[in-house]
Protein chains: 2
Amino acid sequence: MFELIDANIAKHITLSPQELDHFHSFLHVKKYKKKQFILQAGETSHFQGFITKGCIKNYILDEKGHEFIMYFALEDWWVGDIMSFYERKPGNLFIETIEDTELLTIDHQSNEQLLHDIPQFERFFRILIQRSAYTLQQRFFNTLSKPAEARYLEFVKKYPQVVQRVPQQLIASYIGVTPEFLSKVRAKLAKKSSKTEAGS
Amino acid sequence: MFELIDANIAKHITLSPQELDHFHSFLHVKKYKKKQFILQAGETSHFQGFITKGCIKNYILDEKGHEFIMYFALEDWWVGDIMSFYERKPGNLFIETIEDTELLTIDHQSNEQLLHDIPQFERFFRILIQRSAYTLQQRFFNTLSKPAEARYLEFVKKYPQVVQRVPQQLIASYIGVTPEFLSKVRAKLAKKSSKTEAGS
DNA sequence: CACATTTCTTAATCTAGTTCAATTTTTTGG
DNA sequence: CCAAAAAATTGAACTAGATTAAGAAATGTG
């Protein structure tokens with residue numbers, strides 16, 4: 001039940017068995033079917049979640065209705081609209097399942113209690129956010145400074161599991177191009193590699 | 001001396017006078033002339049800084065040597081390469097002064113001590129990073145979904161002091177266009193507004 | 001297993017922003 | 001206050017990627 005989340009936390013902080021039990025007492029299981037919303041823009045996020053099974057997309061919708069994917073998350077990832085959750089006001093993020101998904105969740109009040117009772121969690125979440133901010137910074141830089149082909153290749157290399165599990169149009173959104181253009185990029189790459197493979 | 005930084009911290013956490021004194025004991029003043037590096041890519045960041053006077057740019061250099069501005073910072077802002085500072089390894093950020101600048105700095109060891117002695121700082125820095133991550137997310141979304149003109153107008157509205165103090169080519173970099181194109185955007189805006197002003 | 005829906009591909013046309021190069025304007029430090 | 005550097009402008013030619021539209025392939029579901 002808690003193996004995955006305990007291991008996730010142990011990457012950054014060390015807790016006593018009692019502290020772990022206390023932490024577990026705050027958690028709830030939530031289950032979602034494929035293509036369900038975990039959160040919609042305009043809502044206030046009442047919990048943070050940790051994925052024990054499944055796959056989600058976290059995105060913003062622009063005025064034309066285009067999805068702009070902030071991130072995908074699979075097993076062993078934390079998900080949520082952090083600003084909405086901590087500031088207790090409506091956010092602009094959608095979180096939607098791509099597969100049937102199971103979360104361990106912690107609600108706002110429990111989270112405050114947890115941070116109070118075990119201040120190490122303050123550090124834990126700081127580290128998580130720090131890393132996600134760094135990743136976002138690098139992605140932003142790459143998106144503005146490298147062509148779509150390079151971004152696609154980096155994505156495939158960095159998130160091979162995601163490539164297996166989410167439709168290509170969503171990967172296009174993540175790397176910041178239209179599905180049509182990603183399709184062309186892939187066609188060009190396929191031609192290149194077939195040449196390399198000496199016409200087999 | 002510490003008025004500005006104390007007020008900055010008081011926005012998110014409440015400290016006793018003794019805790020504040022303890023905090024102050026970790027700080028050092030550092031002064032830089034205009035166009036000096038506070039940090040260069042490839043170096044490990046040994047401190048975080050709080051600007052008491054001046055203005056800096058925080059940027060990444062791409063392989064062609066183009067600056068990609070992550071953010072500007074004026075008085076009352078924290079600056080640093082957070083990943084490099086916390087993970088104690090070389091980063092890819094440049095931090096360079098745009099004006100003569102004075103910082104209050106805290107080095108790595110003092111920071112660890114501070115987080116240990118006053119765990120509220122763990123919360124304080126979590127909140128700072130959370131907000132900067134949110135800002136970055138919104139900026140990334142805007143950059144991919146809105147035209148340069150809208151981004152420029154939003155920048156001017158959000159950071160009027162920065163517009164006064166940094167060269168326009170750096171603002172171009174921030175909003176993600178070439179200096180030439182920003183110049184054209186501004187020319188178009190000037191024409192528009194002169195029309196509106198009924199030819200005065 | 002078939003039909004409806006979703007996803008992917010292909011191609012033609014279009015555009016926001018880039019690049020390069022030359023010129024003008026502004027800022028600065030001696 | 002002036003020379004030199006830095007910053008901003010302008011214009012012409014170009015391109016990465018968007019848009020639109022239609023068809024092909026894959027996938028899910030009664």
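To find a chain, count down the sequence lines: A is the first, B the second, and so on, and within it residues start at 1.
- As rounded to whole Å, 12 Å separates atom C1' of dC8(C) from atom NZ of K184(A).
- The side chain of Q169(B) contributes an N or O atom lying less than 4.0 Å from OP1 or OP2 of dA7(D).
- For the pair P179(B) and K35(B), nearest-nucleotide mapping onto DNA chain D gives the more 5' position to K35(B).
- Between the NE2 atom of H116(A) and the CZ atom of R123(B) there is a distance of 10.0 Å, given to the nearest 0.5 Å.
- Take the nearest nucleotide of DNA chain C for F181(B) and for L170(A): the residue whose nucleotide is more 5' is L170(A).
- Straight-line distance from the NE2 atom of H66(A) to the C1' atom of dT20(D): 11 Å, rounded to whole Å.
- For L144(A) and dA16(D), the CG to P distance is 16 Å, given to the nearest whole Å.
- Residue Q168(B) has a polar side-chain atom (N or O) positioned under 4.0 Å from OP1 or OP2 of dT9(D).
- dT28(C) atom C1' lies 18 Å from atom CZ of R165(B), rounded to whole Å.
- Phosphate contact (OP1/OP2 of dA18(D), side-chain N/O of T178(A), threshold under 4.0 Å): present.
- None of K34(B), K53(B), R165(B) except one satisfies the side chain to side chain donor-acceptor pair (under 3.5 Å) rule with E99(B); the exception is R165(B).
- Distance NZ (K188(B)) to P (dT10(D)): 14 Å, rounded to an integer number of Å.
- Remark: P of dG28(D) and CG of D100(A) are 12 Å apart, rounded to the nearest angstrom.
- The distance from atom NZ of K64(A) to atom P of dA18(D) is 11 Å, rounded to the nearest whole Å.
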*ring-ring contact (aromatic ring centres under 6.0 Å, His included) between F72(A) and Y159(A), worked out*: CA-CA 9 Å; F72(A) 300 105; Y159(A) 304 110; 8.0 Å; no

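- Closest to the side chain of R151(B), from the set dG17(C), dT9(D), dG17(D), is dG17(C).
- Using a 4.5 Å cut-off on side-chain heavy atoms (C-beta onward), N58(A) and I38(A) make no contact.
- As rounded to whole Å, 14 Å separates atom C1' of dC14(D) from atom CD of E180(B).
- K34(B) has a side-chain polar atom (N or O) that falls below the 4.0 Å cut-off from OP1 or OP2 of dT28(C).
- Between dT9(C) and R186(A), a contact under 4.0 Å exists linking OP1 or OP2 to a side-chain N or O.
- Between F94(A) and Y59(A), the distance from one ring center to the other falls under 6.0 angstrom.
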